[in-house]
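A, B, ... follow the sequence lines: proteins, then strands. Residue 1 opens every chain.
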Amino acid sequence: MTDVLFWIMSGISVLSAWRVFRTDSMVRAAYWLMVSFAAVAVILVLLSAEFLGLVLLLMLAGEMTIMAVFMVMFMMNPAGLNPMTMVHQHRAAIAAGVLSFLGLGAVGVFGRFPAGVSFATRDVTARLGMELLNDSMLIFQTAGVTLLATMIGALAIASRRGRYGLADEDSIEPAVENSQNAGEGPPSTEKGSA
Amino acid sequence: MTVETLLLVAAALFGIGVYGALSQQSFVMIMMGLELMLSGAILATGTLWAMAAGGTPKGQLLAIVLVTVMAVEMAIGFALVVNVYRIRKADITEKLKTLRG
Amino acid sequence: MVMRDAVAEGLRRLLIPLACRAPVRVFALAGVNSPTNIDDLRLRDDICLVDSPRSANVLWVAGLLPAPLQDSARRVHAMMSHPRATVWSRPSVMTAEHATLFPHATIVGPSEDLFEALRTVQRALLTKRHASDEALLPDEEPAPWRGVGPYGQGGTGMTGGVPYGRPMAERAPDRDGLELDQLPMRIGPFFPPFPSGLILDVRLQGDVVQEVTIAESLFAQGNVLSSGESQGDLLRDPFRRALTEPVPVGELELARARHHLRWLAHALRVHGLEALGRRVLMFVPALEPGKAGDILALRRLLDRIRTFDWSTAGVGILERQQLSGRGLGPVARAAGLSDDSRLVDPAYDKLGFEPLVHNDGDCRARWRQRLGEVIQSLALARAGAQPAGGAGSVESPRGVLRPETGPTPALLTLLPGLVRGMEWGDAVTTIVSLDLDVREARAASPVETPTSGKPAVERDE
Amino acid sequence: MTDWLVMVVVTTTSVGLALTLGIYGTVVLDRVIGRSIAGEPLRLTRALVGPFQHAALLLLQQRSDTERSDSATWAVAPALLGALAAAALAVVPLTPAVALEVSSGIVYFGATMAMVMVAVFLNGWSANSTFPLIGGYRFVAQALSFEMPLVLVLIAAALPAESLNVADIVRSQDTLWNVVRQPLGLPLYLIAALGVSFLGPLGLPDGIDLAGGTVAELSGTALLLWRAAQAAVLVAVSAMGAAVFLGGWLGPWLPGSVWMALKTLLLIALMVVAKHLFGRVRLERFVVVSWVVLIPVALVHVFLSGILALRRIGS
């Protein structure tokens with residue numbers, strides 16, 4: 001049963017990963033990637049890394065939607081209604097992809113791993129929790145601090161320097177508005193004062 | 001479901017990710033390629049943890065670190081995309097000949 | 001395949017008797033001079049007014065449609081899914097000109113039972129005794145689905161152009177300095193939250209309104225009221241009558257209270273408080289001066305709920321100098337101006353009338369102002385049987401009404417500046433709070449209307 | 001193998017049954033509560049039969065299509081939303097006997113609720129029409145804001161149970177329900193639950209100011225499915241709330257499943273009352289309140305719950 005599920009999931013994950021770069025619609029691309037990830041998450045659950053798989057799912061739902069929204073924001077043609085190719089160095093990229101697959105696959109097939117070790121038992125999540133908050137607390141904390149630093153850093157990079165007010169104040173930059181007033185003045189105020 | 005098959009799947013994901021990251025022009029699509037590579041890495045880590053390391057919790061820690069890396073990559077990536085777009089109005093790599101800000 | 005069809009047919013047979021008893025899904029197109037008010041449908045158990053024509057079974061055309069609205073009306077008809085039918089409430093008999101507008105429509109005269117007609121039509125549709133309306137407009141794309149660029153895109157460059165008959169989104173400055181795409185869209189004339197006939201051309205970034213222009217088509221042609229038969233419901237309006245003849249204060253004030261309550265019900269509905277809106281609407285038909293206690297209880301309830309406050313406080317602030325001396329009624333009084341032509345009417349003087357005033361000038365002040373005026377009007381109506389008005393101008397619920405014009409044109413000139421930079425939800429709140437009636441805009445002088453239609457277009461140059 | 005099969009069959013039937021009854025109950029409650037708030041006569045038989053008539057009418061309506069819609073994702077969206085509700089409900093123990101013991105049940109629930117964002121966004125996006133798209137955007141903004149409090153509050157509830165398994169959390173409330181033990185938990189959870197089922201004050205993606213938003217272009221079966229899936233999500237979050245805060249199946253005299261059903265209906269009724277009494281909030285204000293107030297409060301809540309749990313374990 002697990003084997004059947006595994007084959008289905010690996011099929012889904014690889015096929016949808018391939019679809020990511022083969023669809024015109026950016027939103028579809030983002031969600032194909034999500035499907036691929038979800039299949040990987042299921043495989044992780046099958047490997048009894050339950051917590052890890054679920055955290056992956058939890059994270060990527062938001063992540064992929066943000067990705068899709070970014071696509072819609074920045075791309076001129078997010079729905080792929082004007083199909084056009086947006087690739088460069090196509091052949092080299094294919095070669096690199098195939099090469100890395102062959103190389104890593106070879107490691108997987110011909111590599112020798114300590115075998116015969118039993119699967120993890122049912123209380124994996126509890127044991128992972130004990131590990132995280134015990135011996136490996138430093139790693140856990142480092143990951144946390146890294147994420148915090150990332151949040152601050154990302155905000156600092158992305159936000160506009162010298163913002164002129166709250167997000168909800170006005171949609172017009174002060175400079176734009178001033179020049180407008182200097183020129184003609186919005187008719188509403190003109191009327192009001194007249 | 002053996003170590004070999006699992007690692008092959010992971011390698012396939014990684015390979016597709018490499019192709020995507022190298023071939024795409026749009027920043028966000030490149031990030032998708034990177035994500036796929038990381039997904040392959042997470043799968044490989046999970047595999048080796050479950051099948052070769054005997055399921056000691058320490059193995060999963062590496063995967064958790066990888067998930068963190070993924071989050072960091074996304075956050076910083078998007079922040080950079082926003083900033084580049086803000087300054088250069090560029091959303092594909094071809095419009096960005098130099099990296100100076 | 002035959003098997004599947006048989007099963008589907010069997011299912012249909014099972015569903016039809018059930019569906020026949022369901023409330024009629026109606027999308028309403030409000031025209032002028034309708035014998036039945038749209039609010040009467042909201043209180044009906046057997047009718048379900050929907051907000052989008054897509055999921056309606058019956059298109060109800062209320063009254064007559066002025067020529068500029070007819071094309072949009074047919075477009076709304078085209079959006080409906082099968083099975084669909086049209087029911088047309090008409091104050092008068094069909095003319096040949098009108099018969100071409102909705103050839104399949106069931107006509108309901110002023111003395112006939114509209115609700116029965118709606119129910120019958122839906123039942124007949126479901127049992128296939130009434131054929132589903134055929135398409136009135138050809139189902140074709142506005143332009144060939146192929147652009148001019150090398151990849152089929154719209155312009156010759158990467159962006160821009162008008163592919164497939166639709167303007168592409170173009171970059172424009174926004175509040176975050178990112179210069180993302182602006183989405184142009186036309187809203188109206190049958191957008192449910194807005195007064196019928198209001199057409200806005202909006203440019204949106206996300207859901208932030210960057211620019212609003214009021215489409216001129218309706219006012220420029222000035223034919224909303226042109227045909228004589230369409231003036232009926234305006235003549236029934238006591239405020240219209242008070243322009244030329246004295247009308248008892250009691251009648252005027254009750255009409256004012258009714259108007260404000262209908263407005264409040266609409267505003268509550270737009271805020272997602274449909275049930276409370278129906279509660280307010282139920283006061284309207286039997287409103288009398290003795291009901292002031294109920295209205296006070298309603299005000300206490302709305303005060304206690306708070307969220308209506310939260311979603312309107314600080315939204316759509318109008319300054320006093322924008323409003324003063326233009327006869328803008330409750331909108332002006334909500335901003336602290338005691339601007340009320342009832343002050344100069346001797347009949348009101350005798351009653352010791354003092355205008356109510358709120359100070360904030362935002363949407364919250366406006367709904368409180370109107371609710372306060374309902375209570376005030378009920379008190380005035382109790383005292384006043386003496387005739388008022390007849391002096392050529394009258395304080396209508398929306399503001400000063402004159403034979404040629406009302407407050408709406410002045411409010412429309414304020415609108416583009418007011419909603420720019422708002423999120424769409426706030427813009428809707430604001431437009432609803434102004435209580436516009438596009439029929440009044442007909443009389444706007446030709447000089448004034450175009451100005452309302454063109455602010456800030458060439459902003460970037 | 002047979003164990004496994006039995007588990008699948010039992011879970012599917014119980015989830016299916018619970019969802020069907022829950023959706024029906026939600027629709028009936030919605031009408032009854034709406035009419036009593038409007039001050040109209042209740043007409044109970046109509047309320048009980050009405051949902052079937054309405055559904056039949058929609059089933060007989062043709063599906064509409066828009067110009068260049070993304071029909072595949074449009075069809076997927078309601079199915080995904082319904083599937084997520086069912087998947088979320090699967091880990092909620094409906095009776096002591098039928099409890100899928102998932103050791104990370106809370107995380108699993110959080111993951112499914114995060115996926116709701118995908119379904120709603122897809123539904124808005126696929127129509128290739130402006131109002132649905134804005135509705136989709138709105139839900140993304142709203143979901144990113146309530147997701148954190150939702151997960152944090154659930155984790156706080158897991159602390160006294162020392163387990164992420166939902167059945168263990170129910171058992172840990174044997175002496176004291178979490179609604180008393182963690183007084184901040186249920187209010188925060190209900191706010192997030194309103195958000196995740198996009199209802200009432202947080203019904204921003206399909207508000208009337210967008211002419212129906214994400215459902216503006218839907219008709220017929222698609223509309224029916226979407227509304228049913230939305231109600232299913234409401235049922236799933238309410239059931240989770242009942243299990244985590246109101247002691248799930250615990251209660252005297254009546255069988256556990258009846259208690260669970262009653263508590264779930266109570267939470268559904270609370271949220272439907274909120275829908276009819278609290279108008280839509282401004283999205284902007286909700287996002288600010290969520291990040292500035294709700295998330296810090298939820299963090300403090302986790303911290304306090306942790307201290308209390310530690311003291312209880314210590315003593």
Rounded to the nearest 0.5 Å, how far does CG of D/D206 lie from OG of C/S52?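 Separation between the atoms: 12.0 Å.
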
Please flag which part of [X] lies under 4.5 Å from any non-hydrogen atom of chain D: side chain, backbone, both or neither.
X: C/I305; result: both
X: C/A427; result: neither
X: C/F308; result: neither
X: C/I187; result: side chain
X: C/V315; result: side chain
X: C/R306; result: neither

Does atom CZ (D/R46) have a neighbourhood of more than 12 heavy atoms from anything else shown, all under 6.0 Å?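 Enclosed.
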
Run the salt-bridge test on C/D426 and D/R285 with the 4.0 Å N-O cut-off and return the result as yes or no.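 No.
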
Should the pair D/E40-C/R278 be classified as a salt bridge under the 4.0 Å nitrogen-to-oxygen rule?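 Yes, D/E40 and C/R278 are salt-bridged.
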
Okay, side chain of C/R279, backbone of D/I37: is any donor-acceptor separation there less than 3.5 Å?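 Yes; judged by distance alone, with no hydrogens or angles, the pair exists.
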
Does C/S55 offer a backbone N or O that forms a donor-acceptor pair with the side chain of D/Q61 under 3.5 Å?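 Between the backbone of C/S55 and the side chain of D/Q61 there is a qualifying donor-acceptor contact (under 3.5 Å).
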
Pairs meeting criterion ring-ring contact (aromatic ring centres under 6.0 Å, His included) with involvement of residues 53-76 of chain D, two or more places apart: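 Every pair satisfying ring-ring contact (aromatic ring centres under 6.0 Å, His included) with a residue in residues 53-76 of chain D: there are none.
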
Output the residues of [range] for which the shortest heavy-atom distance to chain C is under 4.5 Å, in residue-number order; output 'none' if no such residue exists.
range: residues 225-237 of chain D; result: none
range: residues 207-220 of chain D; result: D/I208, D/D209, D/L210, D/A211, D/A216, D/E217, D/L218, D/S219
range: residues 268-278 of chain D; result: D/K275, D/H276, D/L277, D/F278

